[in-house]
Amino acid sequence: MSNATQSWWAGTTTRARWTAVAAGAIALTLIAISAVVWSSPSSPVQQAVGAVLDEPTREDELIEERGKLLDQVVALKHQLNQSESGLASLTTERDTLQKSLWSAEGELEAIAAAQAANAGSGGSGKSTSGKKTATAKPASSTVNWEQPRATPVEEPITAPSRDQLLNPSSKYFGMYTEQAPFNWATFDDAASRIGMNPGFVGYFGGWDENFRVNAVERSWETDRLPILTWESRRIAAKNDEVNAPEYSLPRILDGAFDEYLHQYARDIVATGLPLGIRLNHEMNGVWYPWSEMDSKGNPINGNRPGDYAKVWKHVHDIFEAEGANDLVIWIWAPNRVDNVPASHKTPEYLASLYPGDEYVDWVGLSGYLRPAYKADFKPTFDYTFGASLTALRKVADKPILLAEVGASEVGGYKPKWITSFFEGLAKPENADIIGFGWFNLAVTTYVEGERMTNDWRVTSRPDSLEAFIAGLTAEGSGFATH
């Protein structure tokens with residue numbers, strides 16, 4: 001019996017028991033040691049396990065990144081909301097500074113031209129207005145100190161006569177762009193993409209500026225008729241600046257600017273080069289200081305009924321006295337009549353602003369394709385210009401220049417409108433329209449409290465440009481294709 005109960009690893013029962021006790025103690029010790037190792041923070045095992053447990057998953061990283069981005073979006077929206085309130089004034093301030101910059105650049109060019117002319121005339125101080133100089137090239141790069149230097153050769157800037165310009169053989173296509181004619185960069189870029197050299201360049205001037213000789217000379221150097229939109233206000237005035245007492249129509253009629261106007265006319269005569277003048281345009285609206293009254297019949301800028309036409313005659317008479325009207329094409333150009341207050345839409349009101357056939361060479365018009373705010377809106381030539389052309393023809397039997405036109409991309413109607421525009425110009429009943437000037441700029445403004453950018457440029461989109469080129473070069477369009 002006793003031999004049967006002995007363990008294989010102990011010779012006797014007693015020894016086997018003690019051996020089992022010892023083995024149990026050893027096992028308990030090992031368990032205790034293991035527990036200490038696993039639970040100790042400094043143990044390699046615990047650190048390895050902790051590293052695995054603490055490692056963030058890709059989902060955790062994405063959640064954290066999304067949270068940071070949301071915080072950034074909230075912060076940016078807050079900044080945007082704070083800046084929106086002052087955006088309109090900043091945009092207007094930018095426009096004002098840009099006008100001042102262009103004016104200063106033009107004056108610098110004029111001074112540089114005068115200095116160059118004075119140097120070319122040996123310091124005699126004689127004006128070379130209306131002339132451009134070309135220096136003969138040397139025969140070789142070797143300098144011969146015994147030979148005299150080549151003298152500048154004056155080449156006159158030539159232009160068609162006023163009569164030729166008044167009765168063109170083809171229709172005018174002109175453009176307004178940034179800084180032209182003082183800088184041709186954007187003008188020439190658009191012209192090259194269109195594939196045609198515009199026949200006139202439009203630009204703006206104020207009554208605080210002297211006559212810009214360089215504008216006229218630079219225009220004719222590129223075979224373009226300069227058309228000055230001449231505004232009786234400061235060149236840097238904001239577009240919404242209606243009150244300008246210094247430039248009120250009664251003050252002009254009282255002779256406050258007579259000396260300035262006489263000198264301006266004499267400077268035009270000195271160039272011997274023709275130009276168009278669109279004096280105080282869109283006079284049938286309510287947004288300029290030369291407008292006579294607002295929508296309620298109240299005077300604007302101290303002006304009186306009938307003053308506008310009187311001022312036009314006054315300026316024209318001074319130019320006549322100085323001989324400048326032999327060079328100037330006078331363009332009387334209201335705004336489209338359906339986009340003015342009801343009190344200003346009547347034929348009688350428009351007629352009251354017309355100075356008379358003997359004071360006007362062309363009648364003009366401003367008209368744009370704008371976003372569709374009216375229920376009867378149609379992206380067509382007739383909708384945009386029909387009523388106004390009828391009104392113009394009742395006032396005067398004169399050639400018509402669509403002096404300032406453009407089309408916005410808002411709404412997606414631009415290519416269709418451009419096609420209709422050229423189709424309308426080609427109709428026999430519109431044969432008295434001698435051309436148009438495209439306002440080739442993108443302008444950001446506030447419309448009914450909302451910020452909006454109208455991209456009037458011909459090149460705003462490929463389909464708009466394609467429609468423009470097709471209309472301009474279509475057979476029977478009447479536009480010169482060179």
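These figures come from a predicted structure and were not determined experimentally.
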Legend entry - Test item: Lys310 side-chain N/O and Leu253 main-chain N/O as donor-acceptor pair under 3.5 Å: no
Legend entry - Heavy-atom pair with the smallest gap, counting every atom of Pro226 and Ala215: CB-O, 4.5 Å
Inset, instruction - Give a yes/no verdict on a cation-pi contact between Arg457 and Phe439, requiring under 6.0 Å between NZ or CZ and the six-membered ring centre and an angle within 45° of the axis. - result: no
Legend entry - Residue pair Lys345 / Asn339, side-chain donor-acceptor N/O under 3.5 Å: no
Legend entry - Flag, side chain of Asn335 to backbone of Asn284, donor-acceptor distance under 3.5 Å: no
Inset, instruction - Would you mind checking if Asp432 and Arg393 are paired as a salt bridge, meaning a charged N to carboxylate O distance below 4.0 Å? - result: yes
Inset, instruction - List in chain and number order the residues that pass side-chain hydrogen bond (donor to acceptor under 3.5 Å, both in side chains) with Thr384, two or more places apart in sequence or in another chain; answer none if no residue qualifies. - result: Trp417
Inset, instruction - Count the heavy atoms belonging to other residues, nucleotides or ligands that lie under 6.0 Å from NZ of Lys394, then report whether that count exceeds 12. - result: no
Legend entry - Validation row, ring centre Tyr368 to ring centre Trp456 under 6.0 Å: yes
Legend entry - Ion pair check, Asp361 and Arg162, cut-off under 4.0 Å: yes
Legend entry - Any residue meeting ring-ring contact (aromatic ring centres under 6.0 Å, His included) with Tyr413, in chain and number order, not counting sequence neighbours: Phe377
Legend entry - ring-ring contact (aromatic ring centres under 6.0 Å, His included) involving Trp362 - partner list, sequence neighbours excluded: Tyr172
Legend entry - Nearest atoms (heavy-atom pairs only) where Phe479 meets Ser170: C-CB, 4.5 Å
Inset, instruction - Measure the spacing between CD1 of Ile433 and CG of Leu402 and express it to the nearest 0.5 Å. - result: 5.0 Å
Inset, instruction - Assert yes or no for the condition that the ring centre distance of Phe173 to Phe436 is strictly below 6.0 Å. - result: yes
Inset, instruction - Under the side-chain contact (heavy atoms from CB on, under 4.5 Å) rule, what do Leu327 and Leu273 come out as? Steps first, then yes or no, please. - result: CA-CA 6 Å; Leu327 295 168; Leu273 296 170; 5.9 Å; no
Legend entry - Asn303 (side chain) donor-acceptor with Ser248 (main chain) under 3.5 angstrom: no
Legend entry - Shortest non-hydrogen separation from Arg336 to Gly367 and the atoms involved: CD-CA, 3.9 Å
Inset, instruction - Taking Glu292 for its side chain and Asp307 for its backbone only, find out whether a donor-acceptor pair lies under 3.5 Å. - result: yes
Legend entry - NE2 on His316 to CD on Glu358, rounded to 0.5 Å: 8.0 Å
Legend entry - Trp230 and Tyr260 aromatic ring geometry - parallel, tilted or perpendicular at 30°/60° bounds: tilted
Legend entry - Whether over 12 other heavy atoms sit under 6.0 Å from Gln263 CD: yes
Legend entry - Shortest non-hydrogen contact between Gly424 and Asn430, atoms and distance: O-ND2, 2.7 Å
Inset, instruction - Measure up the Phe421 and Phe381 rings against each other and bin them: parallel (under 30°), tilted (30 to 60°), perpendicular (over 60°). - result: tilted
Inset, instruction - Going by the side chain to side chain contact (heavy atoms under 4.5 Å, CB included) test, name the single residue among Asp240, Val340, Asn239, Ile300 that passes it with Trp287. - result: Val340
Legend entry - Minimal non-hydrogen separation, Phe200 against Gly437, with atom names: CZ-CA, 3.4 Å
Inset, instruction - Using the side-chain contact (heavy atoms from CB on, under 4.5 Å) rule, take Ile268 and Val328 through it: C-alpha gap first, then chi angles, then the decisive distance, then the call. - result: CA-CA 8 Å; Ile268 290 176; Val328 173; 4.2 Å; yes
Legend entry - Atom CD of Glu259 with >12 non-hydrogen neighbours under 6.0 angstrom: no
Legend entry - ring-ring contact (aromatic ring centres under 6.0 Å, His included) evaluation trace for Trp438 with Tyr176: CA-CA 6 Å; Trp438 195 275; Tyr176 303 79; over 10 Å; no
Inset, instruction - Using modelled atom types only, decide if a donor and an acceptor are shared between the side chain of Asn183 and the backbone of Ala185 within a distance under 3.5 Å. - result: yes
Inset, instruction - May I ask you to decide if Asn298's main-chain N or O and Asp294's side chain share a donor-acceptor pair within less than 3.5 Å? - result: yes
Inset, instruction - Say whether Asn454 and Ser408, considering side chains only, have a donor N or O and an acceptor N or O under 3.5 Å apart. - result: yes
Inset, instruction - Just do the salt bridge (Lys or Arg N to Asp or Glu O under 4.0 Å) check on Arg234 and Glu241 with the steps written out, would you? - result: CA-CA 10 Å; Arg234 297 178 302 110; Glu241 187 176 304; 3.1 Å; yes
Inset, instruction - Please identify each residue that fulfils salt bridge (Lys or Arg N to Asp or Glu O under 4.0 Å) with Glu320, with sequence neighbours left out. - result: none
Legend entry - Aromatic ring proximity, centroids under 6.0 angstrom, Phe422 and Phe468: yes
Inset, instruction - Spell out, as yes or no, whether a donor-acceptor pair under 3.5 Å connects the side chain of Ser464 to the backbone of Lys414. - result: no
Legend entry - Euclidean distance, Leu365 CG relative to Glu282 CD, rounded to 0.5 Å: 9.0 Å
Legend entry - OG1 on Thr229 to CD1 on Ile277, rounded to 0.5 Å: 10.0 Å
Inset, instruction - Step by step, work out the salt bridge (Lys or Arg N to Asp or Glu O under 4.0 Å) result for Glu404 and Arg278. - result: CA-CA 10 Å; Glu404 186 182 322; Arg278 184 173 63 144; 2.8 Å; yes
Legend entry - Which residues share a ring-ring contact (aromatic ring centres under 6.0 Å, His included) with His314, sequence neighbours left out: none
Legend entry - Donor-acceptor under 3.5 Å (Ser291 side chain, Gly285 main chain): yes
Inset, instruction - Check whether the side chains of Tyr288 and Asn301 place a donor and an acceptor atom closer than 3.5 Å, and report yes or no. - result: no
Inset, instruction - Report yes or no: does Lys171 contribute a side-chain atom to a donor-acceptor pair with the main-chain N or O of Leu425 at less than 3.5 Å? - result: yes
Legend entry - Phe211 ring center near Tyr264 ring center (under 6.0 Å): yes
Legend entry - Output field: ring centroids Phe319/His262 closer than 6.0 Å: no
Inset, instruction - Indicate yes or no: at least one non-hydrogen side-chain atom of Trp220 is less than 4.5 angstrom from one of Leu225. - result: yes
Inset, instruction - Check Asn280 against Ser232 and note the closest heavy-atom contact, atom names and distance. - result: OD1-N, 2.9 Å
Inset, instruction - Might you work through the side-chain contact (heavy atoms from CB on, under 4.5 Å) test for Thr186 and Gln179, ending with a clear yes or no? - result: CA-CA 8 Å; Thr186 54; Gln179 301 190 36; over 6 Å; no
Legend entry - Expected output: side-chain Ser420 to main-chain Lys416 donor-acceptor under 3.5 Å: no
Inset, instruction - Enter the distance from Leu392:CG to Ile400:CD1 here, rounded to the nearest 0.5 Å. - result: 5.5 Å
Legend entry - Salt bridge present between Asp382 and Lys427 (N-O < 4.0 angstrom): yes
Inset, instruction - For residues Trp330 and Tyr359, establish whether the separation of their ring centroids is below 6.0 Å. - result: no
Inset, instruction - With sequence neighbours left out, write down each residue that passes ring-ring contact (aromatic ring centres under 6.0 Å, His included) with Phe257, or none if nothing qualifies. - result: Trp207, Tyr247
Legend entry - Pair Asp188 + Arg224, salt bridge at N-O below 4.0 Å: yes
